Novice: 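Quick one: the structure is below, questions incoming.
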Amino acid sequence: MKSQRLQRVLVTSASSLLAVFVALCICAVILLITGKDPIQAYSTLFGAAGDVKVLQGTLNRATPLMISAAAVAIGFKMNLFNIGVEGQMRVALLATAVAGAAIDLPAPLHILFCLVVAMATGAIWAAFAGWLKVKRGVNEVISTIMLNFVALSLVAWAFDSFFTADNAPGVLLVKTKELPPSAWFPDIVDRRLNGMFFIAILVLVLFYVLVWKTKFGFQLRASGANPGAARVTGVNPKRMVMISMLMSGALAGLVGMRALLGDVHAYQNNLAEQQGFNGIAVALLGRNHPLGILISALLFGYLGEASGRLQLEDIPKEITTIMTGIIVLAVVIINEAVKRWDDKRIQHKAALALASRVVAE
Amino acid sequence: MSGNSESQSGPLAVELHRISKSFPGVIANYAIELMVRPGTIHAIVGENGAGKSTLMKTLYGMHQPDDGTITVNGHAVQFKTPTEAIAAGIGMVHQHFMLADNLTIIENIILGAEPTDNRGRINFGVARERIEVLMASLGATFDPGTNVSELGVGQRQRVEILKVLYRGAKILILDEPTAVLVPQEVEELFETLKRLVLDGSTVIFISHKLDEVLTYCDEITVMRQGTTVAHTTPAQVDRRTLAQLMVGSDLPDPSGRETEVGEDILLQVSGLNVASEIPGAKLALQNINITVHSGEIVGIAGVEGNGQFELCEAILGLRPKLSGTISVDSSELSESDTRTRREMGLSYIAFDRHREGLLLDAPLWENTFLGREENATLTAGPFMKNRSIEADSRVIIERFGVLTPSEQVPAFALSGGNQQKLVVGREMASNPKILLAAHPTRGVDVGAQSAIWDELRIARDRGLAVLLISADLEELIGLSDRILVMFDGHITAELDPNTATPEMLGTYMTGGEIVTSL
């Protein structure tokens, strides 16, 4: 009966592919309306796939998306919608930039120190939302959205007031004190692909093992699927909420690390902006599964990387942003429709299988 | 039997001929023949899953038959929606009440069919007048201005009937209306129905309780495995024959034990007080004392909501207690959490398998693993051993006769009876010392019921202590060694099942005539 599992995977993948296809069609219509040629636009967009540089850029862009989607997905597995990845990431970014620049350690340790600080601060910020839900019953959607605003403002204020480094004359962009090179996450492959990509892969692998292969992961999924049933077996739902919020926040803390440790080496406004929010879209398209997240992150990464090419053809690159948005909408709608259809199909098949067995008897 | 001659000459109220309907996941209807004479109470009996509800949904226009004809009062009809069925004078009283608690009786009744004046405002005066006329004809005495939240179960059902009558129904379909009622309320319901029939209405009464069908109904149509197998009257059949028609064999019998109750006290609850969830309300449980020995089944009778749920939650450690002690196998539990209590040998068949028993979207093998994460053969350290878990699941499926294509099927694809067998199987698989069984056979077919009863008996004979909470009085009387009645958070009576009758239980369950027996 392994075929049953395979069918589920196929149905799931097919519905996500369908969503992407629908989004491409809708965007084609939008392009037509605005007087552009969709075929030309798409061939430019996807023609870039042969370019090694574009592919390396894709992996770099996919890196934070994979981590932030994992952060969102681990909440989803427990029916928690952590919209606060962006805020958690931002708090972690500033904290790591400041702490990392303040100490001196040998290279691998320094990086490790930075990653730990990032995870800890992200987790602490997420813990507020978890605590509010557990103690006061505040819906985490509301609290994480609100905490995003708090985080953004707090970080902006702290950065402006305390942590801006003196600029070299003529440099307009304000930054924190630069991290020492021992904290830089090294590039691999021709100095173009940042090593954080492999950390992101590791995150997805660990996410898979934890959620699908361990007792804890089972309890997490059970609490998400039916909190009542999990509760009567002795799983403490409040504890699970707290733990999954902390894990989600810890991952959120890692999201900005490619930008910070692998690229800019200092905090600045707009660093890694939106990557926390984009993770939600990636998790939705990837159906909260590590493999799906990987593929979706690569797709979104590619769209972002290749969009620049569109401008050369005088097509606004924002079309890829629209496309991302439509993909998310289509995913939500199509997944629900496909799930209903598939549930009926499974029920029907089970009934048929039993009917034929009864007849056989 | 009210087989009056004039109605026999007139057209039938409802006639279904060769109705067939196939439907994914549900047993299909085929070759249905149903003839309901006007002015009668017509029972449709059959075990759960025989296709009664599918048939009634066809008649009520909730779906269209694949084949066959429906005739109402002599006219062939095709209902595309319930609205069309209502227009033809057919009304349905659902098993689960569909009332808005925070509205009054009047508001509930007119909801969706409000009488309005020419400026679109609701004319409550007109509504009240019409409703009072209808209530008088039913013999209902409550004030239609009351909030529904203040009504009891029997009264709520009366409101449901009024809702249907208000919309002009002359043919009423009642889907298992007595499932939620205690015996006294059942009697009142049938008095109401008799009045309706005298006023010229026709009642189609779906049930699987043979006693009430034989006592109160005029004609009976028996369904089995998706089709109608007999049409008869109470005068022509006795209980046994009807049961055999229904299941094609004998009804399972819950009674019978050859072993003795053991000596050891496995579960002891003393002086247990539990607060209500509503602040300021009286205690949910008050001074509860229960002792269950090894090999003993102690039944808890009671109308739902009288503290049974809170009792189970308190024993499981899911709900804090104010005072009192709970011990399992003579160790006090106060400090232990739910997980620890379960590992000490406490098992729980939850009240509602969908809300607390199953992960509906998850495959069966995950469902049989739920709550057994500490089982050393199914896990290795922090990891799940999926192969072993799947093999273990197959064993449970096999042993408890769960009908399923495989253990990979998600739980929602199974019928209610098979889902319940899976839950019972899982809870028994950990070899518990004590089983809290809440409605272990609710909503399951006769075959599954009999299988679950057998398993309970086998486990009991091996020394399992069972606290059986049930609304099925026959089950309680048949299986229990002692019966405790819960009312309003108290244990109000202890009865010997050998001498207890459903009527006696019903009296105690409604708080009436509390003579302290024993």
Side-chain angles (χ1 to χ4, degrees), chain A residues 1-9 11-12 77 79 206 208-240 339-361, chain B residues 22-28 225 312-313 316-318 337-343 346 348 350-363 366-367 369-374 378-386 389-390 403-410 412-415 418 423 426:
Chain A
M1 262 316 189
K2 293 283 163 200
S3 64
Q4 202 120 23
R5 225 177 265 177
L6 187 67
Q7 275 181 6
R8 275 199 148 180
V9 172
V11 167
T12 312
K77 277 292 154 199
N79 255 352
L206 288 178
Y208 176 75
V209 172
L210 180 77
V211 172
W212 275 273
K213 297 293 171 193
T214 67
K215 290 196 279 193
F216 170 78
F218 178 74
Q219 291 177 347
L220 188 82
R221 285 184 290 131
S223 312
N226 188 349
R231 174 173 168 270
V232 302
T233 69
V235 176
N236 183 340
K238 293 185 170 174
R239 198 174 147 256
M240 295 313 265
K339 181 177 165 16
R340 283 183 199 180
W341 168 81
D342 193 42
D343 282 359
K344 270 198 177 156
R345 187 187 64 92
I346 290 172
Q347 211 159 24
H348 188 63
K349 264 188 66 178
L352 276 183
L354 292 180
S356 59
R357 183 185 295 186
V358 170
V359 169
E361 277 168 13
Chain B
S22 61
F23 208 57
V26 184
I27 294 179
Q225 287 176 356
C312 288
E313 294 231 309
L316 285 162
L318 294 167
D337 61 15
T338 305
R339 212 10 89 103
T340 320
R341 293 179 194 216
R342 291 186 75 111
E343 271 151 43
L346 204 54
Y348 180 41
F351 280 76
D352 184 328
R353 60 179 162 269
H354 286 180
R355 279 180 55 189
E356 296 192 322
L358 292 166
L359 310 172
L360 285 174
D361 279 330
E366 288 194 348
N367 273 287
F369 179 60
L370 185 65
R372 298 169 65 213
E373 295 97 285
E374 304 310 321
L378 304 181
T379 50
F383 296 102
M384 293 164 70
K385 294 205 300 211
N386 286 9
I389 296 169
E390 286 172 27
L403 282 180
T404 171
S406 86
E407 78 281 358
Q408 302 292 346
V409 169
F412 70 78
L414 298 194
S415 71
N418 283 308
V423 170
R426 174 185 71 207

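Labels below follow one simple rule: chain letters A, B, ... track the order of the sequence lines, proteins then strands, and each chain is numbered from 1. Values below: all heavy atoms of this structure, side chains included; hydrogens, waters and symmetry mates excluded. Since we're looking at a predicted model, the values are computed, not measured.
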Novice: For Asp337(B), is it the side chain, the backbone, both, or neither that has a heavy atom closer than 4.5 Å to a heavy atom of chain A?
Specialist: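 Contact with chain A is absent: no heavy atom of Asp337(B) under 4.5 Å.
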Novice: Which atoms of Tyr348(B) come close to chain A, meaning under 4.5 Å heavy atom to heavy atom: side chain ones, backbone ones, both, or neither?
Specialist: side chain
Novice: Side chain from CB out, backbone as N, CA, C, O: work out which of these in Arg8(A) comes under 4.5 Å of a heavy atom of chain B, or both, or neither.
Specialist: side chain
Novice: Could you state the interatomic distance from CZ (Phe369(B)) to CD (Gln219(A)), rounded to the nearest 0.5 Å?
Specialist: 8.0 Å
Novice: Which atoms of Asn236(A) are under 4.5 Å from chain B, going by heavy atoms: the side chain, the backbone, both sets, or neither?
Specialist: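 When you check distances to chain B, no heavy atom of Asn236(A) falls under 4.5 Å.
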Novice: Between Asn386(B) and Trp212(A), which heavy-atom pair has the shortest distance, and what is it?
Specialist: ND2-O, 4.5 Å
Novice: Measure Arg342(B) against the heavy atoms of chain A and call it side chain, backbone, both or neither at under 4.5 Å.
Specialist: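 Just its side chain gets close to chain A.
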Novice: Just by modelled atom types, is the Leu359(B) backbone N or O under 3.5 Å from a matching donor or acceptor in the Asn226(A) side chain?
Specialist: no
Novice: Could you please spell out the steps behind the side chain to side chain contact (heavy atoms under 4.5 Å, CB included) verdict for Val232(A) and Leu318(B)?
Specialist: CA-CA 7 Å; Val232(A) 302; Leu318(B) 294 167; 3.8 Å; yes
Novice: Sort Glu343(B) into side chain, backbone, both or neither according to what part of it lies under 4.5 angstrom from a heavy atom of chain A.
Specialist: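 Nothing of Glu343(B), per the 4.5 Å heavy-atom cut-off to chain A.
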Novice: So for Leu358(B), is it side chain, backbone, both, or neither that comes closer than 4.5 Å to the heavy atoms of chain A?
Specialist: backbone
Novice: Closest approach of Ala229(A) and Leu370(B), non-hydrogen atoms and distance?
Specialist: CB-CD2, 4.0 Å
Novice: Under a 4.5 Å cutoff for heavy-atom pairs, which residue among Leu360(B), Leu316(B), Thr379(B) has the most contacts with chain A?
Specialist: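 Of the candidates given, the most pairs with chain A belong to Thr379(B).
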Novice: If you count heavy atoms of other groups shown closer than 6.0 angstrom to CZ of Arg355(B), is the number above 12?
Specialist: no
Novice: Lys215(A) and Glu373(B): which non-hydrogen atoms are nearest, and at how many Å?
Specialist: CD-O, 2.8 Å
Novice: Quick check: closest heavy atoms across Phe218(A) and Glu366(B), and the distance to 0.1 Å?
Specialist: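 In this case the closest contact between Phe218(A) and Glu366(B) is CZ-O, 3.2 Å.
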Novice: Among Gly317(B), Gly357(B), Gly381(B), which residue forms the greatest number of heavy-atom pairs with chain A at distances under 4.5 Å?
Specialist: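 Top count of heavy-atom pairs under 4.5 Å with chain A: Gly381(B).
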Novice: Indicate yes or no for a side-chain donor-acceptor contact from Arg339(B) to the backbone of Thr233(A) under 3.5 Å, with no hydrogens or angles considered.
Specialist: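 Present.
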